[in-house]
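Structure first, commentary second.
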Amino acid sequence: MALSIADIYRKKAVAGHTLTTTGFFLSWGFWNLYYFPALGQWWSTIGAYGMCAANVVLTGFIIKYRKATP
């Protein structure tokens, strides 16, 4: 995910990145923020916060730079 974020930031274009796929994984990430603490899996919860934060940034970049893509 970090490589995708860096790619969009460097190119200022979203070619090859879709909002649908990123949105799916973003919603899955939000689910994990509920699910892992309910199971008491705290290390997984910490990882879920990191992945969810990266997905939020990636989604924001896709929305921001979508108009710049030729």
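Note that CD1 of I8 is 4.5 Å distant from CD1 of I62, once rounded to the nearest 0.5 Å. Taking CG from N32 and CD from Q41, the interatomic distance works out to 10.0 Å, rounded to the nearest 0.5 Å.
Under a cutoff of 6.0 Å and an axis angle of 45°, K11 and Y9 do not form a cation-pi pair.
Through direct or relayed side-chain contacts under 4.5 Å between Ile, Leu, Val, Met, Phe, Trp and Tyr, W43 connects to I46.
Under the side chain to side chain contact (heavy atoms under 4.5 Å, CB included) criterion, S27 pairs with no residue at all, not counting sequence neighbours. For Y35, the ring-ring contact (aromatic ring centres under 6.0 Å, His included) criterion is met by W31, not counting sequence neighbours.
Within the 4.5 Å cutoff, the side chain of F61 has heavy atoms near those of the I5 side chain.
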Indicate every side-chain donor-acceptor pair of residues 51-60 with a distance under 3.5 Å to a residue at least two apart or in another chain.
from: N55; atom 1: ND2; to: M51; atom 2: O; distance (Å): 3.3
from: T59; atom 1: OG1; to: N55; atom 2: O; distance (Å): 2.8

Name every donor-acceptor pair, under 3.5 Å, that has one atom in a side chain of residues 17-25 and the other anywhere in the protein, sequence neighbours excluded.
from: H17; atom 1: NE2; to: D7; atom 2: OD2; distance (Å): 3.0
from: T18; atom 1: OG1; to: T21; atom 2: N; distance (Å): 3.3
from: T18; atom 1: OG1; to: T21; atom 2: OG1; distance (Å): 2.8
from: T22; atom 1: OG1; to: T18; atom 2: O; distance (Å): 2.9

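When all heavy atoms of P37 and W42 are compared, the closest pair comes out as CB-CZ3, 3.7 Å.
In the hydrophobic cluster analysis, where Ile, Leu, Val, Met, Phe, Trp and Tyr join through side-chain heavy atoms closer than 4.5 angstrom, Y49 is grouped apart from Y34.
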